**Student:** 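Input: one structure, supplied below.
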Amino acid sequence: MTDQNLAIIVLAAGQGTRMKSALPKVLHPLAGAPIIAHVLATARALDADRVLAVVRHERDLVAAAVEAELPGTVIVDQDEVPGTGRAVEQAVATLPADFDGDVLVLNGDVPLLDADTLAGFLARHRDAGVAASVLSARFDDPTGYGRIVRDDAGAFDRIVEQKDASDAERLIDEVNAGVYAFGAAALRDRLAALTTANAQGEKYLTDLIELLRAAGSEVDAVPVSESWLVAGINDRAQLAETAARLNALIVRGWQLAGVTIEDPATTWIDLAVRIEPDATIRPGTQLKGATVVEAGAIVGPDTTLVDCEVGPRAEVKRTDGTLAVIGEGASVGPFSYLRPGTVLDADGKIGTFVETKNAHIGRGSKVPHLSYVGDTEVGEGSNIGAGSITANYDGVNKHRTQIGSHVRTGSHGVFVAPVRIGDGAYTGAGTVVRKDVPAGALAVNVAPQRNIEGWVLAHRPGTAAAEAAGEAGSGGTDAD
Ligand code: UD1
Ligand code: CA
């Protein structure tokens, strides 16, 4: 049920300078979704009365991503005054004047924090009846984070930012996670007092904590159970660390759901992927986007699938695929390249060094070796010979090749589209099929072979070939 007394503010206006990127930091992908999408998914799970996202840097791009992930989020535009304090100030100004609940502030760059942890944090904040609560964590390497300064008795004193910290303060390993719960009234009351008098010339949200304490309000610093939950992403090294951590969680989740994952360290699975029990994922496999792997399928080793469907008991090895559908019991690879629109029906095969695109290959049909099959329809039970090419492009337009059921095409055939091969037809090796082939016909158009006897001895005397030919009893030709 919606929590009428809760508003969530997601901070996403910063430039993310340390990423050194043209792409806004919160839009960098993590397990197949922008960083901020993970934060918004958590906000959605908390079912707050309203969610606000503060944007500024590349605001249109960020706002569009927010709207896509959590429609109905209120977009708040931060002005030119920098800092997390200013961001919250402007978000709070858009809340109804009579809103007297709690305001939960989340950093758009802290993606692993889950709704259960936050619900516990909020419950504790409410039970304690304090003006503000700060989530904290202990890090082996606290560099870059704001430090939690406690007094001699261990009570929370204030937060000091890395850039403003003394040498002694920089040794503190308890950090501010960037997650806060505030009573709305206390927040409104103190926000106006924030200044930009600090090393970065920003309005720090962290200073608000000190202001609240100076005004006699109680503030609680609540340590999180596991520090990685609040890891922030400020640079690409932290992006990779966070991605690895999230991936390990995703992999373990699928293992516990009955999927064999042979090598978690080299298996990467996006958040939106679905895998059925008794599927096996072999080393070096990346499952991306909305890929689905059904029961008993074996994917990998060394396979990347983006938005693909792998049917029950299908096998896909050393393959790169995007938007392909692989049917039940079908076999793909090794070394196959499945481009968008590939549909391989049940028990079919796409084999070694085969590229397919917009190709429907019917039940039990096989393209086993060294072929390009594009803009093509193949019926059932057909076999496409080794080294076949569908010539689908005339330099201006793409055309379709239609191959019927139970067709046998010879090796090294070219199908100059548009062209149709009827059911049960054959083509000879090396045929360049330019005209339709009727059902049951054999198409051949390679010129009859002519052997010029003794040509090597006559024209390549003294070579190893000539010597071998001589030993084999080849004579000269009359033509000399
Ligand atoms: C912030 C905290 C720091 C804490 C760390 C936790 C402050 C001053 N510091 O530091 O104590 O340890 O998070 O991860 O709050 N943002 C805005 N508007 C701005 C500036 C930033 O919306 O003007 C957003 C950013 O987009 C980002 C978040 O606020 O999502 C945090 O900003 P960032 O610059 O990353 O702060 P940190 O230096 O990490
Ligand atoms: Ca940060």
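In each ligand, atom 1 is the first atom listed, and ligand 1 is the first ligand listed. Predicted model, so just to flag it, every value in this text is computed and none were measured.
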**Student:** Nearest to atom 14 (O) of ligand 1, what protein heavy atom do you find, and at what distance?
**Tutor:**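 Answer for atom 14 (O) of ligand 1: N107 ND2, 3.5 Å.
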**Student:** Only heavy atoms of Y204, strictly under 4.0 Å: list the atoms of ligand 1 that pass.
**Tutor:**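 The atoms of ligand 1 under 4.0 Å from a heavy atom of Y204 are 8 (C).
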**Student:** Please name all residues satisfying side-chain contact (heavy atoms from CB on, under 4.5 Å) with N392, sequence neighbours left out, ordered by chain then number.
**Tutor:**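 Once residues adjacent in sequence are excluded, the partners of N392 under the side-chain contact (heavy atoms from CB on, under 4.5 Å) criterion are K357, Y372, D375, K398.
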**Student:** State the atoms of ligand 1, each with its element, that fall below the 4.0 Å cut-off from a heavy-atom position in A177.
**Tutor:**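 Here the atoms of ligand 1 in question are 6 (C), 14 (O).
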**Student:** Any salt bridge linking R124 with D220? Criterion: basic side-chain nitrogen under 4.0 Å from a carboxylate oxygen.
**Tutor:**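 Salt bridge present between R124 and D220.
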**Student:** How does N234 reach ligand 1, by side chain, by backbone, by both or by neither, if only non-hydrogen atoms under 4.0 Å count?
**Tutor:**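 It is the side chain that gets close, since no backbone atom is under 4.0 Å.
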**Student:** Using salt bridge (Lys or Arg N to Asp or Glu O under 4.0 Å), reason through R150 and D157 one step at a time and then give a plain yes or no.
**Tutor:** CA-CA 5 Å; R150 293 181 181 272; D157 180 24; over 6 Å; no
**Student:** Considering only non-hydrogen protein atoms, determine which one is nearest to atom 36 (O) of ligand 1 and report residue, atom name and distance to 0.1 Å.
**Tutor:**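 That would be R18 NH2, 4.3 Å.
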**Student:** Between the candidates T206, D164, V26, N176, which shows the shortest non-hydrogen contact distance to atom 6 (C) of ligand 1?
**Tutor:**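 It is N176 that holds the nearest heavy atom.
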**Student:** Are S331 and E315 linked by a side-chain donor-acceptor pair shorter than 3.5 Å?
**Tutor:**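 On atom types as modelled, these side chains do not qualify, holding no pair under 3.5 Å.
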**Student:** Distance to 0.1 Å, residue and atom name: give those for the protein heavy atom nearest to atom 10 (O) of ligand 1.
**Tutor:**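 The answer is E161 OE1, 3.9 Å.
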**Student:** Taking NZ, NE, NH1 and NH2 as the nitrogens, is one of them in E69 or R44 under 4.0 Å from a carboxylate oxygen of the other?
**Tutor:**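 Between R44 and E69 there is a salt bridge, with a charged N closer than 4.0 Å to a carboxylate O.
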**Student:** For the residue pair N397 / Y393, report whether a side-chain donor-acceptor contact shorter than 3.5 Å exists.
**Tutor:**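 Y393 vs N397: no donor-acceptor pair found between side chains.
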**Student:** Check whether more than 12 heavy atoms from other residues, nucleotides or ligands sit under 6.0 Å from atom NZ of K288, and answer yes or no.
**Tutor:**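 No, NZ of K288 has 12 or fewer neighbouring heavy atoms, counting only those of other groups under 6.0 Å.
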**Student:** Compute the shortest N/O to N/O distance between L11 and ligand 1 and return yes if it is under 3.5 Å, no if not.
**Tutor:**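 Min N/O separation from ligand 1 is below 3.5 Å for L11.
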**Student:** Hey, looking at atom 7 (C) of ligand 1, which of V134, V81, V88, T84 has the closest heavy atom?
**Tutor:**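 The nearest heavy atom belongs to T84.
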**Student:** Among all protein non-hydrogen atoms, which one is nearest to atom 22 (O) of ligand 1, and what is the separation to 0.1 Å?
**Tutor:**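 For atom 22 (O) of ligand 1, the nearest protein heavy atom is A13 N, 2.9 Å.
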**Student:** Pairs of nitrogen or oxygen atoms closer than 3.5 Å, one from G232 and one from ligand 1: do any exist?
**Tutor:**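 No: no nitrogen or oxygen of G232 is under 3.5 Å from one in ligand 1.
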**Student:** Run down the list P82, G83, A12 and name the one with the heavy atom closest to atom 19 (C) of ligand 1.
**Tutor:**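 It is G83 that holds the nearest heavy atom.
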**Student:** Counting heavy atoms not belonging to E218, are there more than 12 under 6.0 Å from its CD?
**Tutor:**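 No - once you tally the heavy atoms of other residues, nucleotides and ligands closer than 6.0 Å, there are 12 at most.
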**Student:** Scan H28, R18, E241 and name whichever one has a side chain to side chain contact (heavy atoms under 4.5 Å, CB included) with R236.
**Tutor:**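 Exactly one pass, corresponding to H28.
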**Student:** Is any NZ, NE, NH1 or NH2 atom of the basic residue among R147 and E174 found under 4.0 Å from an Asp or Glu carboxylate oxygen of the other?
**Tutor:**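 Salt bridge absent between R147 and E174.
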**Student:** Which residues and atoms, protein N, O or S only, are under 3.0 Å from the Ca ion (ligand 2)?
**Tutor:**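 Listed by chain and number, the atoms are D109 OD2, N234 OD1.
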**Student:** Taking both backbone and side-chain atoms of G14, is any N or O found less than 3.5 Å from an N or O belonging to ligand 1?
**Tutor:**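 In this structure, G14 places an N or O atom under 3.5 Å from an N or O of ligand 1.
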**Student:** If you apply the rule salt bridge (Lys or Arg N to Asp or Glu O under 4.0 Å), what do you find for D79 with R56, and how did you get there?
**Tutor:** CA-CA 7 Å; D79 62 15; R56 177 172 164 85; over 6 Å; no
**Student:** Closest non-hydrogen protein atom to atom 18 (N) of ligand 1, residue and atom name please, with distance?
**Tutor:**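 Of the protein heavy atoms, Q78 OE1, 2.8 Å lies nearest.
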**Student:** Please identify which atoms of ligand 1 are closer than 4.0 Å to at least one heavy atom of K25.
**Tutor:**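 The list of qualifying atoms is 35 (O).
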**Student:** Should the pair E202-R86 be classified as a salt bridge under the 4.0 Å nitrogen-to-oxygen rule?
**Tutor:**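 Salt bridge: no.
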**Student:** Should the pair Y145 and F139 be assigned to parallel (<30°), tilted (30 to 60°) or perpendicular (>60°) ring geometry?
**Tutor:**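 Ring orientation, 0 to 90° scale: perpendicular.
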**Student:** Which residue and atom name correspond to the protein heavy atom nearest atom 35 (O) of ligand 1, and how close is it?
**Tutor:**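 Heavy-atom neighbour on the protein nearest atom 35 (O) of ligand 1: D109 OD2, 3.0 Å.
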**Student:** Tell me if a side-chain donor or acceptor on Q162 pairs with a main-chain N or O of G144 at a distance below 3.5 Å.
**Tutor:**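 The answer is yes, because a donor-acceptor pair under 3.5 Å joins these two groups.
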